[in-house]
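In what follows, a single structure is set out as structure tokens and then discussed.
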Amino acid sequence: MSTFGPSELLRRAGAFTAIPQALARMNGAMTLARLTLEKTPVPVAPSPAVVLVNEGAARLLRYDPMPGVAPRDPIVLCPSLINRLYVLDLKEGISVVEALRKAGHRVYGVDWGEPGVAERGVSFEGFVLRLSRLLDAACADAKTDQLHLLGHCLGGTMATALAATNDARIKTLINLTAPLSFHDDGLLSKWTRAPFFDAEAVAAALGHVPPWLTQPAFQILKPMGQPAKALRLFQALDKPAGELDSFLETFRCLETWINDNVSIPDRFFVDLVGKLYRKDALAKGELCFEGGAVSLDRVRVPVFTIAAAEDHIVPPASATDVAKRFTNPACKVEVLPGGHIGVVVGGLGRKRLWPALIAWMEQHKIGGVA
Amino acid sequence: MSDAKPKPPLPDELLDRGIGLLEGPANRLAERLLSSTIVLAPLSVTMSLAMRVAALLRGASRRTEQHTDERRQK
């Protein structure tokens, strides 16, 4: 039997919790404001690394191996060209790089950098070739003929195009929320395919497409995302002191990454919009490089396709539909809980993602039987 | 004794519902609006025209800079 008296009425009205909750939230908001105003550095990209090779703005990083751990296969991480690499190494405890190093993998990362003069006029194919040269450098450093290649977002699209044209050094390909078919229901797909939208004109006017144009566009992809995020932050600020510090650190690290965009190289942008989004050339097999057509049917290496169930940038179908065409019987598709970034840095996603990556590479060891 | 979970205080429930409303129906409505051709077509026409004008101005200013440099060299 439920009791319904004055005390229950007061509890329901929030009379017992309102004041302590308001004080805790005010404290949380003040702490966040202080940290932001003081520009307290955020501990992003904690894994130690050295630069192996530079090409234009791009750098190939080699992360230091974890001492005392038996070595495992090398892996190259290829992020999206329009975001920073450190989403895969966000902070201690929330880092794909750290998880892989702890498992003994030799980890290399491609940092595409801020495009400059050297990137003017470099097409999608040009960047795929650049990735290929960076793979050569990683293979030489690891003294191996093959390695695993993980492509995140557009990095996965480029890695797939490379695997379709020249897969000699790729043992397995891991596509993490990588768009392969671009005609989907997402807003990004609809915007880039809007009638009269002229990517050539944008590149002619602006050169490399700057973050002040792309960042708001990405934010409006989830139109109510910003007000909802503000409310969720307000809701979470009433945590106890110890928990609050850790929460705010993660929040600031993530915000730093989200707002640390790079420009999209001019010709790459034209190809991305014109060939990939508007013509869906990769999925239709109509994308052509100098060496011939880029056909997904020619991807012969085992491919592990990972999509995020609530991804609004790369809807799951965009990542998984075309993956069915890969010919290797060892190919695998998995849809993990979370959004485009949540699957990498969110609690539920990363609990499943990291072990899945390590298990995949263990199953397809270099020198082992695939 | 009832096993039913007591309802949360009203302000917390309202906050939860507000977030749910924003992320659910309000977001879907805004998405539908932002993906409709009626909205997208004029926006993309305006943007493309503005970019073409900007490209022309950029080209013109570059040509002026080149002329100035050439004159200085002479």
Side-chain angles (χ1 to χ4, degrees), chain A residues 1-4 8-22 25 184-207 209 213 217 220-236 238 266 273 310 312 339, chain B residues 1-70:
Chain A
M1 210 178 90
S2 67
T3 54
F4 189 77
E8 173 60 12
L9 208 63
L10 285 170
R11 186 197 70 77
R12 193 74 174 104
F16 306 132
T17 51
I19 291 173
Q21 216 169 34
R25 280 180 180 149
D184 55 57
D185 289 337
L187 271 185
L188 194 56
S189 177
K190 286 179 180 164
W191 287 351
T192 46
R193 288 188 288 136
F196 315 112
F197 180 64
D198 188 353
E200 289 270 6
V202 176
L206 304 172
V209 184
L213 187 71
I220 305 170
L221 284 179
K222 209 172 185 178
M224 293 296 155
Q226 294 304 311
K229 186 164 89 175
L231 285 181
R232 281 206 184 279
L233 174 66
F234 172 74
Q235 197 177 36
D238 66 347
D266 49 6
V273 175
E310 290 103 49
H312 65 287
Chain B
M1 217 177 90
S2 169
D3 287 340
K5 212 176 151 189
K7 284 185 175 176
L10 217 51
D12 291 351
E13 197 180 327
L14 283 175
L15 191 59
D16 272 337
R17 286 193 180 197
I19 294 170
L21 195 74
L22 277 175
E23 288 184 336
N27 202 63
R28 276 196 296 276
L29 189 72
E31 270 181 5
R32 200 176 299 170
L33 193 76
L34 287 171
S35 61
S36 69
T37 314
I38 299 169
V39 174
L40 284 186
L43 277 178
S44 58
V45 168
T46 313
M47 187 178 174
S48 294
L49 281 176
M51 289 295 163
R52 276 181 195 177
V53 171
L56 283 174
L57 291 174
R58 198 182 170 196
S61 77
R62 261 198 205 151
R63 278 193 294 278
T64 317
E65 275 171 26
Q66 272 174 1
H67 281 303
T68 320
D69 287 347
E70 280 166 12

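Just so it is clear: chains get the letters A, B, ... in the order the sequence lines come, proteins before strands, and each one is counted from 1. These values consider heavy atoms only, across backbone and side chains, with no hydrogens, waters or symmetry-generated copies.
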Checking [X] against chain B: side chain, backbone, both or neither under 4.5 Å from a heavy atom?
{"X": "A:L188", "value": "neither"}
{"X": "A:L221", "value": "backbone"}
{"X": "A:A199", "value": "neither"}

Looking at [atom1] of [X] and [atom2] of [Y], how far apart are the two atoms once the value is rounded to the nearest 0.5 Å?
{"X": "A:R232", "Y": "B:D16", "atom1": "CZ", "atom2": "CG", "result": "8.0 Å"}
{"X": "B:S48", "Y": "A:E200", "atom1": "OG", "atom2": "CD", "result": "11.0 Å"}
{"X": "B:L21", "Y": "A:M224", "atom1": "CG", "atom2": "CE", "result": "9.5 Å"}

Please walk me through it: do B:M51 and A:D198 pass side-chain contact (heavy atoms from CB on, under 4.5 Å)? CA-CA 9 Å; B:M51 289 295 163; A:D198 188 353; over 6 Å; no

Are the side chains of A:K190 and B:L34 in touch, meaning some heavy atoms are under 4.5 Å apart? no

Do B:N27 and A:H312 come within less than 4.5 Å of each other through their side chains, counting heavy atoms only? no

Hey, are A:Q235 and B:D12 close enough side-chain-wise for a donor-acceptor pair under 3.5 Å? no

Option that, when pairs with chain A are counted at under 4.5 Å, heavy atom only, ranks first among [options]:
{"options": "B:A30, B:P11, B:A55", "value": "B:A55"}
{"options": "B:A50, B:G59, B:G18, B:A41", "value": "B:A41"}
{"options": "B:L33, B:L15, B:L57", "value": "B:L15"}

At their closest point, which heavy atom of A:A204 faces which heavy atom of B:R58, and how far apart are they? O-NH1, 3.1 Å

Please report the closest heavy-atom contact between B:T37 and A:P195, naming both atoms and the distance. CG2-CG, 4.0 Å

Under 4.5 Å, counting heavy-atom pairs only, tell me which of A:A228, A:P223, A:A201 racks up the most with chain B. A:P223

A:G207, A:G225, A:S189: which one forms the most heavy-atom pairs within less than 4.5 Å of chain B? A:G207

I'd like to know if the side chain of B:S35 reaches the main chain of A:L187, judged simply by a donor and an acceptor atom lying under 3.5 Å from each other, with no hydrogens or angles considered. no

Is a donor on one side and an acceptor on the other found under 3.5 Å between the side chain of A:W191 and the backbone of B:L40? no

Is A:R193 atom CZ crowded by more than 12 heavy atoms from other residues, nucleotides or ligands, each under 6.0 Å away? yes

